[in-house]
> 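There's a structure below that I have some questions on.
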Amino acid sequence: MIVDNNNNSEEYLERLTPLAVLMVLVIFVLIGRVGYLQIYDGEYYTRLADGNRIRIIPSVAPRGTFFDRNGQLLVANRPGFTVSLLPLADPVSPAVVQKLSKLLNVPAEEIQKKVDAHVGFDPIRIKQDVAADVITILKEQQDEYPGVVIEIQPIRNYFLRQQGAHTFGYVSEISDAELETKKEQGYKSGDIIGKFGLEKIYDKEIRGENGGEQVEVDVAGKPVQILGKKDPTPGYDLILTIDKDLQIATEIAVDEMLKQIHCNAAAAVVLNPQNGEILAMVSRPAFDPNLFAGGISTKNWNAINNNPFHPMDNKTITGEYPPGSTFKIVTGTAALAAGKVTPQEKIFDSGHHWLIPKSNAAGEALGWINFREALAHSDNVYFYEMGNRLGIDLLGHYAKMFGLGSETGIDLPYESPGLVASREYKMKVYEEEWYLSETFDAAIGQGFNLVTPLQAAMVMGEIAANGKRFKPHLIKRMVTQNGELVKEIQPELLSTLEVEPWVIELVQSSLHDVTKYGTAASNFRGFTYDIAGKTGTAENPHGRDHGWFVGYGPFSNPTVSVAVVVEQGGYGASSAVPIGRKILEAAFAIQAQRGSF
């Protein structure tokens, strides 16, 4: 058999030709693709390569400093060690998590949760303000803690500790819930944010802008060199309206009285009625905000959280109390302004009202008395009659004119609005009609009426400022750390009492009489300055009565308005008034020394 090799070769070549063409095409495609990647996408892949060897390590900006109105330091920062995880090459191992948990006394589950949620190249901050001996261990045993880095970060330092705590607030690590609402504002996991007080309200302005270092790392993830650096920008400083010396004096006055009468809770507010500037705010019991700056321990948190008198409540703005006889300022102003009584008219006090058997607090009977005498001696029967003549609707109208029943707008979080007694409120809550006896209660600050200490101070301030109500505020100026002005807060007039000037003048002179021969006279005997004041005792269904005092001075040119409430302190004259006197003494002494607030 003869084989035709020529035919076989031609057939073989015919089969190889398509394959050869296909291979050539593939080669051209690959060359084209390489060229495309090199020419058109070269810059993109260069960035990816750099991303594998370059890391951005952020540095935290120091928060702005708080100063009092005279430039005295209140809140600043100090350097502190923060232990973080920075997984530059390999993931964080469970062994490292367990070791850190034991060394730092942080639950392993908490560390692992942060690791699992971590995205990007930012450090995973495990614990702040770590003690120096722990840092020494980490440095000496660095090989046993791969991925662990030590950062030096600013730690918030509250110099006055518990003093001013509710005003200044505190900072702590952002929670998952907070992060969900703040991501769009640039907040990240592990950030330290303001949680309370001024720290919370002005967090955006005082937190600054973080910086960082661009670091080149080797294949093992170890830093090789720093390629670039951006310094953090500090936050703005706050110049407060608070007077540090008056704040401390107010704190001491409250603490001494609470100790003396064996009470546990109180609040005091001092403000300038002519512009709304807050000079001092005290709430008791208090807490040390430094405990939160580095992460509060379970022991310390339990001590605060389980305290039945609620140290975390800022009672100056969240505490709602029956105003007691301090509300007679509102009732009296309303009765005079509405023409329900004249300054000269005398009403007979037999010890109880003739329509409803409601009596004076101690059962006394003062006989025939006019407005000035009734307010000076805080006569219940007289003001029951004022409530009877006004009616609850008109009385509520004037209470709201004073600003009661709504938030003041102070630059602090969680303010309560208080409550103005009304038939609408009772129907809504209790589904019951209004009774005349409840109008009587409302007229002397009992029943449904509730006010915060700040609102009480503002009512007194409105009388002192001839009917003007200014928005209360805690910030005078916002400045850069170089002292450049960013913002200055101007007084904001909210409203003016719609009453004739003679009405306010009569209320002023009657409140002046309170401290001369009325219910506060014995407490202010020998007092150097001329002041106006009003005592109050508010019934408390949960224990002893609450004690109140509101006052202002100097009488001829008022620059200080004060309100004090002592929870379960009994009579205001014996619990709250002595505190008020000490506060006013300190305020006038400071004012005399410095010229004015």
> Among W434, Y435, Y384, which residue satisfies the ring-ring contact (aromatic ring centres under 6.0 Å, His included) criterion with F440?
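Of all the options given, the one that passes is Y384.
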> Does any donor atom in the side chain of Q72 or D243 lie under 3.5 Å from an acceptor atom in the other side chain?
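Per modelled atom types, Q72 and D243 side chains form no pair under 3.5 Å.
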> Would E256 and Q260 count as having a side-chain donor-acceptor pair, cut-off 3.5 Å?
no
> Could you check whether E199 and Y158, counting side-chain N and O atoms only, form a donor-acceptor pair closer than 3.5 Å?
yes
> Give the intermediate values and the outcome of ring-ring contact (aromatic ring centres under 6.0 Å, His included) for residues F67 and F168.
CA-CA 11 Å; F67 298 93; F168 307 146; over 10 Å; no
> Report yes or no: does S416 contribute a side-chain atom to a donor-acceptor pair with the main-chain N or O of T318 at less than 3.5 Å?
yes
> For the residue pair L355 and L436, what are the closest heavy atoms and their distance?
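Residues L355 and L436, closest heavy atoms: CD1-CD2, 4.4 Å.
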> Return the minimal non-hydrogen interatomic distance between F555 and A532, and the atom names on each side.
CD1-CB, 4.0 Å
> Do K328 and S378 have side-chain N/O donor and acceptor atoms under 3.5 Å apart?
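Per modelled atom types, K328 and S378 side chains form a pair under 3.5 Å.
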> Hey, could you give me the OG/OH distance between S522 and Y517, rounded to the nearest 0.5 Å?
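That separation rounds to 15.0 Å.
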> Verify whether one side chain among R69 and T241 offers a donor that lies under 3.5 Å from an acceptor in the other.
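Per modelled atom types, R69 and T241 side chains form no pair under 3.5 Å.
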> Do E567 and Y321 have side-chain atoms, one donor and one acceptor, less than 3.5 Å apart?
yes
> Scan side-chain atoms only and decide if H546 and Q568 contain a donor-acceptor pair under the 3.5 Å cut-off.
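No donor-acceptor contact under 3.5 Å links the two side chains.
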> Using the rule given for ring-ring contact (aromatic ring centres under 6.0 Å, His included), can you reason through Y425 versus F448, listing the C-alpha separation, both sets of side-chain angles and the distance that settles it, and then say yes or no?
CA-CA 9 Å; Y425 171 79; F448 298 115; 5.5 Å; yes
> Measuring from Y529:OH to L584:CG, what's the distance to the nearest 0.5 Å?
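Going from the OH atom of Y529 to the CG atom of L584 covers 11.0 Å.
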> Strictly under 6.0 Å, is that where the ring centroids of F287 and H166 end up?
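Centroid separation for F287 and H166: below 6.0 Å.
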> Does the side chain of T408 come under 3.5 Å of the side chain of E415 through a donor N or O and an acceptor N or O?
yes
> What's the separation between atom NZ in K534 and atom CD1 in I329, rounded to the nearest 0.5 Å?
7.5 Å
